[in-house]
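Read through the structure below, which is laid out as structure tokens, and then see the notes.
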Amino acid sequence: MKYEWWHEAVVYQIYPRSFMDSNGDGIGDLAGIASKLDYLAGTLGVDAVWISPFYPSPMADFGYDVADYTDVDPMFGTLDDFDTLVEGAHERDLKVIIDWVPNHSSSQHPWFLESRSSRDNPKRDWYVWKDPAPDGSPPNNWISVFSGPAWTFDEHTGQYYLHSFLSEQPDINWRNDKAKAAMLDTLRFWLRRGVDGFRLDACHFSMKDPLYRSNPVLDTPRHGYKNLGEYDSLEHIHDRGHPDIHGLFREVRAVLDGFSAGQPRFSVGEIHLEGEEWARYYGNGDELHMPYYFGMLHGDWTASWAREVVETQERVLPPGAWPNHVLGNHDETRIATRYGERRARLATLMLLTLRGTPTIYYGDELGMVQADIPPDRQQDPWGRRQPGLGRDGCRTPMQWTTGEHAGFTTGQPWLETVDPGGALNVQAQLGDPDSMLSLTRRLIEVRKGSNALRTGSYDAIEGLPETVFAYRRGAGGETVCVYLNFGDEPVRVPAEGTLLAATRSGASGPVDGVLALDSLDGAVLGT
Ligand code: GLC
Ligand code: CA
């Protein structure tokens, strides 16, 4: 197997609004990111950044409503700033992955403004327009992920348009060849500018039932790991993931492959599906390089759960396909809050020692916690519509220093920082060997130096206490063993080798026969 950079990379997700503000307006920007490249590539040592959307946008969904796919919102800077950022990243051997939002544009995108201007506008069919049902109601029973009907009536032209998310995010009609060509061109625009890859937003939504049939209504709602309310009352067989999606992804892949000579380009899709259905998005190595695997985001936090998450993915992977794991992102509760601080350390040790590409969400390397934002201060449209589902709490500014607003801005930050004890920032954690940052840095360093961890095989180590999940990674003659105690009691397990990293910083040196792990402790042993 030939390994490309993305197989071996540690990816770091940046929410640009919240990473670093360069001009004091309280909102992070591209120049801010550029000013932190040494932190990313040097201090932390990650290999790639994925930057959430920075396109021109009315910000109805904080940038996931794109009004121009080939520009930068002035709030975030300019195309020149983007070029400077890519150049600076590449000088440091840091890859740049940008977010691409194929399912929907902003309702302020010129394409949609044209499309809604009249029924016979040439771009009418670039979006999904349907006549009302005979009683004037929406054309079918589809519901928006963010609640409410997935259809909005346009008085002016007397039809409904489809939006799987907000009404400010009309769905693009990927069955229209001209719309498709225009969208694929937007990929080429950024590939020419040197990006190394794309994260494809909500991308299995892009193809729907061509007959736009209603979804079956479930007798009892089926909730995933989040209760999405009425959305969970339907079986979503017609409004997303239509099999034609795979043909589309093959076309996307062909575009990327066309630019890959000398600079391999990469795609990772946001696909909230499971098992074999999820695995289908790899195609025969001709669709996405990988669909994100979200199994670690939720669960009962036992050793058997963690092992099952890992091995379910391994089981369904098509031949030659590459696994991946994530512990958090801009849509999920911060891991340090979701699982607790000590478990977040253990989870990070697991993330960075498993087979497959790990993605770290900004601030999780500090153990940043979820902010509790009062209802009247919430900004996320989802939380405003469905209390409890708001995502502001995981999007607070990155905490750099012990100073005001954690050094994120000289102005008033768009969301307040949350720093209990004043220790959740880079400055405070850098010199502290016990900090989450020190642990994360050490794990990245160990992974970088180990073929076994980057590309090696995975085998569970059997016969240990049931609170322990342990595995062996091997490549060439090198073996690394990882022991994770998910239990509340200390355990002693048979092990030999040299401690390369551990959740307890003091732990080092040779292990000769027995490894003692406190509750929620983990260790990485080279043998
Ligand atoms: C994805 C994004 C999320 C966004 C939604 C609509 O799920 O991760 O933040 O709100 O798509 O674009
Ligand atoms: Ca700014």
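Order of listing sets the numbers, starting from 1, for every ligand and every atom in it.
Of all the heavy atoms of Y292, none lies under 4.0 Å from any atom of ligand 1, so neither backbone nor side chain is involved. In R199, the part holding a heavy atom less than 4.0 Å from any atom of ligand 1 is the side chain.
Atoms of ligand 1 lying under 4.0 Å from any heavy atom of F165, numbered from 1 in the order shown and given with element: 5 (C), 6 (C). Which parts of ligand 1 touch R395 is read off a 4.0 Å heavy-atom cut-off, strictly below it: atoms 9 (O). Ligand 1 places these atoms under 4.0 Å from at least one heavy atom of H104: 6 (C), 12 (O). The F146 neighbourhood of ligand 1 comprises atoms 10 (O), with distances under 4.0 Å to a heavy atom of that residue.
For atom 8 (O) of ligand 1, the nearest protein heavy atom (residue, atom name, distance) is D331 OD2, 2.5 Å. Closest protein heavy atom to atom 2 (C) of ligand 1: D201 OD1, 2.9 Å. Taking atom 10 (O) of ligand 1 as the reference point, the nearest protein heavy-atom neighbour is D61 OD2, 2.5 Å.
Proximity of E332 to ligand 1 is not established, as no heavy-atom distance is less than 4.0 Å. Residue F62 places no heavy atom under 4.0 Å from ligand 1. Residue-ligand proximity: H163 is placed with every non-hydrogen atom at 4.0 Å or more from ligand 1.
Among the backbone and side-chain atoms of G24, none of the N, O or S atoms lies under 3.0 Å from the Ca ion (ligand 2). One of the N, O or S atoms belonging to N23 lies under 3.0 Å away from the Ca ion (ligand 2).
Aromatic ring centres of H246 and Y281 lie closer together than 6.0 Å. Taking the centre of each ring, Y39 and W400 come in below the 6.0 Å mark. For W190 and F259, the gap between ring centers reaches or exceeds 6.0 Å. The aromatic ring centroids of W6 and H289 lie less than 6.0 Å from each other. Residues Y161 and F112 place their aromatic rings such that the two centres sit under 6.0 Å apart.
Considering R391, E270, Q169, H272 only, the shortest heavy-atom separation from atom 7 (O) of ligand 1 involves E270.
A salt bridge between D331 and R395 is present, with a side-chain N of the basic residue lying under 4.0 Å from a carboxylate O of the acidic one. One finds no salt bridge joining D372 and R377 here, because no Lys/Arg side-chain nitrogen approaches an Asp/Glu carboxylate oxygen to under 4.0 Å. A salt bridge is defined here as a Lys NZ or Arg NE, NH1 or NH2 lying under 4.0 Å from an Asp or Glu carboxylate O, and D154 with R116 meets this definition. Comment: D257 engages R253 in a salt bridge, judged by a side-chain N to carboxylate O separation of less than 4.0 angstrom.
Judged by distance alone, the side chains of T84 and D81 never bring a donor and an acceptor atom under 3.5 Å apart.
When the Ca ion (ligand 2) is compared with the N/O/S atoms of D21, atom OD1 turns out nearest. When the Ca ion (ligand 2) is compared with the N/O/S atoms of D25, atom OD1 turns out nearest. For D29, the N, O or S atom with the smallest separation from the Ca ion (ligand 2) is OD2.
Within 6.0 Å of CD in E274 there are 12 or fewer heavy atoms belonging to other residues, nucleotides or ligands.
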